[in-house]
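To start, the structure under review is shown below, and the notes come after it.
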2 protein chains.
Amino acid sequence: MTKGEGIRHMLDRAGDKWTLLVIGALEHGPVRYTELQRSIEGISQRMLTHTLRQLQRDGLVVRDAYAEVPPRVEYALTDLGTSLLDAVTVLIDWAGSHHDEICANRVGYDAAREE
Amino acid sequence: MTKGEGIRHMLDRAGDKWTLLVIGALEHGPVRYTELQRSIEGISQRMLTHTLRQLQRDGLVVRDAYAEVPPRVEYALTDLGTSLLDAVTVLIDWAGSHHDEICANRVGYDAAREE
DNA sequence: CCGAATCCTATACGATACTG
DNA sequence: CAGTATCGTATAGGATTCGG
């Protein structure tokens with residue numbers, strides 16, 4: 001596989017708005033549907049469900065439903081999902097380290113355009 | 001910064017369709033505009049220019065124009081851009097390693113839905 | 001050769017309402 | 001509690017054309 005294909009493939013899975021946030025929310029073990037919705041600020045039911053289905057389909061997340069009253073459904077990372085989280089952590093750390101620098105660059109760039 | 005914010009911030013820079021591909025294309029030193037367009041398969045002029053401007057603004061890429069005939073413009077990664085490329089490489093490798101596995105999972109998932 | 005400007009479309013996403 | 005269904009919108013991005 002070429003480098004370009006690798007990047008494209010990765011972005012197809014993780015490039016949307018919520019996928020990485022959902023994976024991040026599952027970092028510490030199984031989480032219930034409602035708990036996910038609370039912990040991921042701003043996500044709608046529609047997108048939470050949709051994102052979870054995508055992740056299930058790719059084998060990154062497993063869904064476990066318990067026949068109880070009230071119903072309980074838990075989602076958890078598979079080994080594959082965990083390995084993606086590890087890989088993504090590097091990028092998250094980079095973003096955290098350089099956030100201020102990038103913001104400063106933007107301010108400088110925009111200021112230069114206005115002259 | 002929380003983990004959620006870190007993920008969101010990273011995706012705001014790199015989550016679009018072309019950013020990481022452009023950065024990847026600049027891996028081995030300065031590249032001319034037309035050369036970039038050739039090496040990044042499928043990119044339109046509009047998106048190449050737009051993506052380069054974004055990267056310039058964030059300080060990830062520098063633009064060098066030479067007053068020659070014919071005109072020559074070269075783009076290159078800054079140190080910041082190079083550091084992002086390093087962080088992204090981990091994710092590219094992950095995608096390459098697990099591409100087949102994910103495809104197989106999808107086939108299995110879809111087959112199960114059709115029963 | 002290196003773009004900018006315009007037009008157009010697909011789709012990702014949010015809001016809302018409803019169900020087992 | 002854990003979803004599904006429907007609708008409306010915003011925007012990313014492609015195609016095309018024109019300019020320095």
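Within every chain, numbering begins at 1; the chains are lettered A, B, ... in the order of the sequence lines, protein sequences first and strands thereafter. Fair warning: this is a prediction, and the values are worked out from it, not measured in the lab. Heavy atoms only: backbone and side chains are in, while hydrogens, waters and symmetry mates are out.
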Item to check | Distance below 4.0 Å between Tyr75(B) side-chain N/O and dG3(C) OP1 or OP2 | outcome: yes
Item to check | Plane angle bin for His99(A) and His9(B) - parallel if under 30°, tilted between 30 and 60°, otherwise perpendicular | outcome: perpendicular
What's the closest nucleotide to the side chain of [X] if the choices are [options]?
X        : options                  : answer
Trp18(A) : dG14(D), dA2(D), dC13(C) : dC13(C)
Arg32(A) : dG3(C), dA2(D), dC1(C)   : dA2(D)
Pro71(A) : dC1(D), dT17(D), dG14(C) : dC1(D)
Arg46(A) : dA4(C), dT6(D), dA2(D)   : dT6(D)
Ser44(B) : dG3(C), dG14(D), dC1(C)  : dG14(D)
Lys17(B) : dA4(C), dG3(D), dG13(D)  : dG13(D)
Thr34(A) : dA2(D), dT4(D), dA15(C)  : dA2(D)

Checklist entry - Does Arg8(A) make a cation-pi contact with Trp18(B) (under 6.0 Å, within 45 degrees of the axis)? => result yes
Item to check | Nearest heavy-atom neighbours spanning Leu36(A) and Ala25(A) | outcome: CD2-CB, 3.7 Å
Next on the checklist: Quick check on DNA chain C: between Arg72(B) and Asp16(A), whose nearest nucleotide comes earlier from the 5' end?
Outcome noted: Arg72(B)
